[in-house]
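What follows is a short report on a single structure.
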Amino acid sequence: MDVRQDVRNVAIIAHVDHGKTTLVDEMLKQSGIFRENEQVAERVMDSNDLERERGITILSKNTAIHYKNTKINIVDTPGHADFGGEVERILMMVDGVLLLVDAFEGCMPQTRFVLKKALGLKKKVVVVVNKIDRPGARPEEVIDEVLDLFIELGAEEDQLDFPVVYASARDGYSSLNSSDRSGDMRPLLDSILENIDPPRGDMHGPLQILFSSLDYDDYIGRIGVGRVERGTVRRNQTVTICSRDGSNRNVRISKLYQFEGLKRVEVEEASLGDLICVSGIADLNIGETACDPDHVDPLPFIKIDEPTISMNFIVNNSPFAGQEGKFVTSRNLRDRLFKEVETNVSMRVEETETTDTFKVSGRGELHLSILIETMRRQGYEFQVSRPKVILKKENGKTLEPMELLIVEVPEQYVGAVIEKLGARKAELENMGARDGGATHLEFKIPARGLIGYRSEFMTDTNGNGIMNQLFAGYEPWKGEIKTRERGSIVVHETGETTGYGLFNTQDRGRLFIGPGVQVYEGMIVGECAKSEDVVCNVCRQKHLTNTRASGSDDALRLVPPTILSLEQCMEFIKDDELLEVTPQSLRLRKVVLSKEQRLKQQFRK
C-alpha cells in the first residue's frame, strides 16, 4: 500500500456561527496565498450573495494551502442541519476533520450531528476550541462536554484520544495552551500534519475516482469534484463512468483541475489522494465512480438522510401573474426544480397529478427557503403551499419526524417558552443554568410543532432567546397540534390600498402592507385579532364633500406595517393559503380568491 506524505485532506465541521469560515480565512492569509497588497473580502469562502447576507455557509467549498512541503486540501462545510446533505457527502473526500467548538457555547445540536457522521466513517478528529478570547469563555468545561459527546456517540478508544488546539480565528492565533492570547496558525497546521492520516492506497493500480460534488461554469459546463481513490488520472484520458443505477458509459476527461487557494488550476495529471475537478462529462451525477475501462470497479456511495418536510411549488395563477418574473411557465418551473436535484442530493422533486404543481421535499424549512430565495433572484415567479412534514408508515403505525430543540433564554422567559412548546407536544428532556443568568433547555418536539413557532419565540423572549434544532429520528404520531390561532385579513376587491382604507382596517389586527400598494381580491394583507378570517376593503376612498369638521379631517395616523421575511411568510400561511413569490414581491393569498366561492366551500364542508 502506498502512502502520500505530501498531501492531507481535511474538512472543517461545526455548528452554525462557530467560526469555520473565519478560520479558513486566517489559514489562507497566513499561508501566503494572497499578495501583500491584495484586497480580500471578509469570510472570503462565503462567495454567493445569500451566504454573505445571512452570514451562513450554504454550500461546501474547497480550497488548498501549502505548509512545510505538504499540500493541505481544506473543505469548508455548512453548519445548519438543513444542509446536512452537503456535509455527509463531503466527508467521503477527506481523511480527517477539524471539529470546531465555540469556547462559550460548547457543544450544540449541529456539533452532535456532524461529529456522529465523522465518527461513523472512522475519520480522525482534531478538536479546535475557537473564540477563546470571548468574554465568558470556558475552554476546559467545553473539552469535557466534547469528551462526553464522543462517548455518547459511541466513539472507539483511539478516537477518544483526540488532540486539542485552542484558537481565536478572528484574531488569527492558535495554541496548544488555553491561556495563550497571541501567536499564529502554525500550532493548528502542525496538528493537522501530525494527526490527520495521509492518503493511503494503490498509486499504481487501475484508476478510481469518486465524485462527491458538482459545480457549474458558464464556459466549460458541468464540473465534477471528487477524489482520486486509486491510481493516476491524466488529461484527455478515457474513463468508464459507473452510474448509481448500475449502467456504465465511456467518456473522455477533457480538462483536469486541482485547487490552489481560491482558484482552480489546470493540471496534466493527479494521483491517489488528490482532490480534483473534471470537465467534459456532460451528464455526470453525484455519487458516480470513474474507473479504468479495463477494470470497472464502482465504489459504494454514502446513504444521504431522507427529507423531512415537503411543499408544493405551483405555477403562479394570481391576477398579477407574469408582471415581474422572467420565467413563469410550468415548463420553466419543472426544468429548474429538476436541475436543482442534480446538485442538491438531499432534496427530492416529484410530479403530481396536475402539470402545474410539483412536490418538493427537503431537510427543513431553511433548506426549502434558500431554494425559493435563489429561484426568485434568478427571475422565477411561482407559488408555494404551507410546509408539511413527511409521515412514514411502519407496522401499521403512523410515524412522524421529531426534532431535538435546544433553547437558551434568560431566566424570566423560561415559563412562557415551556408553556408554548408544551401546547405543541414538546417534551422537556434537560434543563440547566448557564453563567450570566441564561437557562439551557432541551426538548423533543414533532417537526410540525416547530412550523410557525420561531416568530412566536422571538416575541415571547423579546428577541433574547437562541433556538437550535436537529432531526432526531421518527416516532409514533403525537396527535393534533393547534398552531396558528388567528385568522387573516383578506382583501375585498382589486385596487390600490389607501390610507383611509387601512386606517379603518388596522383596528382589526396587524397589517403587513402600507398605503399605495397594488392588491387583488383574496390577497392577505394582515393577521386578524380574532380566530376567523375577515374581509376588508383596504382600497376604500374617502368621499369628498365641501363640509369640514374640526378634528375628523386631521391626518390619519397609521400603525407602521409588519414586513414579513420569506421564512415568516412560509410559517404564517395556513392550509387554504398560498405564498406568491416573484423577483420583487412576496404576497400572501387565499387558494380560492373569490369570497363567494370560499363561503360555498365552507358550507359544503
Side-chain angles (χ1 to χ4, degrees), residues 15-16 79-84 87-88 105-117 119-120 145-146 148-154 305-310 346 361-368 387-395 397-411 413-434 438-458 460-461 465-484 567 571:
H15 184 78
V16 63
H80 272 280
D82 285 22
F83 310 115
V87 181
E88 287 167 273
E105 291 184 355
C107 295
M108 297 295 275
Q110 186 65 8
T111 316
R112 171 189 301 267
F113 173 78
V114 289
L115 181 60
K116 184 179 178 184
K117 298 290 177 192
L119 294 176
E145 285 179 26
V146 173
D148 291 343
L149 185 58
F150 269 78
I151 294 166
E152 190 185 324
L153 295 175
D305 285 353
E306 293 294 310
T308 57
I309 280 187
S310 69
S346 48
S361 309
R363 290 283 278 269
E365 278 179 274
L366 185 66
H367 194 199
L368 292 167
K388 288 187 177 174
V389 298
I390 298 169
L391 304 175
K392 277 185 177 180
K393 279 267 196 282
E394 250 180 49
N395 305 327
K397 283 186 179 176
T398 303
L399 304 181
E400 65 172 326
M402 300 293 289
E403 300 273 343
L404 174 68
L405 179 69
I406 294 187
V407 172
E408 284 200 19
V409 289
E411 207 172 316
Y413 305 120
V414 170
V417 170
I418 291 177
E419 184 187 346
K420 284 277 173 72
L421 287 171
R424 290 169 175 262
K425 305 284 189 224
E427 296 165 15
L428 181 62
E429 294 200 324
N430 204 346
M431 184 172 177
R434 283 271 162 93
T439 304
H440 178 88
L441 304 166
E442 289 185 21
F443 297 91
K444 205 165 208 186
I445 181 169
R448 63 199 164 95
L450 284 173
I451 295 174
Y453 175 64
R454 193 173 290 271
S455 52
E456 273 186 49
F457 174 75
M458 296 314 281
D460 291 343
T461 62
I466 299 171
M467 177 176 138
N468 289 292
Q469 67 207 64
L470 176 65
F471 176 60
Y474 277 81
E475 286 187 13
W477 176 262
K478 302 288 180 190
E480 284 302 318
I481 296 175
K482 274 196 86 174
T483 47
R484 190 177 123 211
E567 278 89 358
E571 290 177 348

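Side-chain atoms are counted along with the backbone in the values below, which use heavy atoms only and exclude waters and symmetry mates. If you read the sequence from its start, that first residue is 1, and numbering goes on from there. Note that the structure is predicted; figures quoted are calculated from it, not measured.
For the pair Ala426 and Phe443, the tightest heavy-atom approach, listed with the atom from each and the gap, is CB-CD2, 4.0 Å. In terms of heavy atoms, Ile445 sits closest to Arg424 at CG1-O, 3.8 Å.
Note that CD of Glu442 and CG of Leu404 are 6.0 Å apart. Values are rounded to the nearest 0.5 Å. One distance of note links CG of Leu368 with OG of Ser310; it measures 8.0 Å at 0.5 Å rounding. Once rounded to the nearest 0.5 Å, the distance linking CG of Leu421 with CG of Leu450 reads 7.5 Å. In this structure, CD1 on Ile418 lies 4.5 Å from CE on Met431, to the nearest 0.5 angstrom. Lys444 contributes atom NZ, which lies 13.0 Å from atom CG of Asn430 (distance to the nearest 0.5 angstrom). Rounding to the nearest 0.5 Å gives a distance of 9.0 Å between CD of Glu408 and CG of Leu441.
The ring pair (Phe, Tyr, Trp, His ring centres under 6.0 Å) test applied to Tyr413 returns no partner, not counting sequence neighbours. Taking Glu400 as the reference, Arg448 meet the side-chain hydrogen bond (donor to acceptor under 3.5 Å, both in side chains) condition, with sequence neighbours excluded. Lys478 meets the side-chain hydrogen bond (donor to acceptor under 3.5 Å, both in side chains) test with Glu475; sequence neighbours excluded. For the side-chain hydrogen bond (donor to acceptor under 3.5 Å, both in side chains) test, residues two or more places apart in sequence or in another chain that qualify with Glu152 are Arg112. Residues meeting the side-chain hydrogen bond (donor to acceptor under 3.5 Å, both in side chains) test with Glu411, sequence neighbours left out: none. With sequence neighbours excluded, the residues forming a side chain to side chain contact (heavy atoms under 4.5 Å, CB included) with Lys420 are Tyr453, Glu456, Asp460, listed by chain and number.
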Expected list for residues 387-395: side-chain donor-acceptor pairs under 3.5 angstrom, two or more places apart:
{"residue": "Lys393", "atom": "NZ", "partner": "Thr398", "partner atom": "OG1", "Å": "2.9"}

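Between Ile309 and Ser361, the closest side-chain pair of non-hydrogen atoms is not below 4.5 Å.
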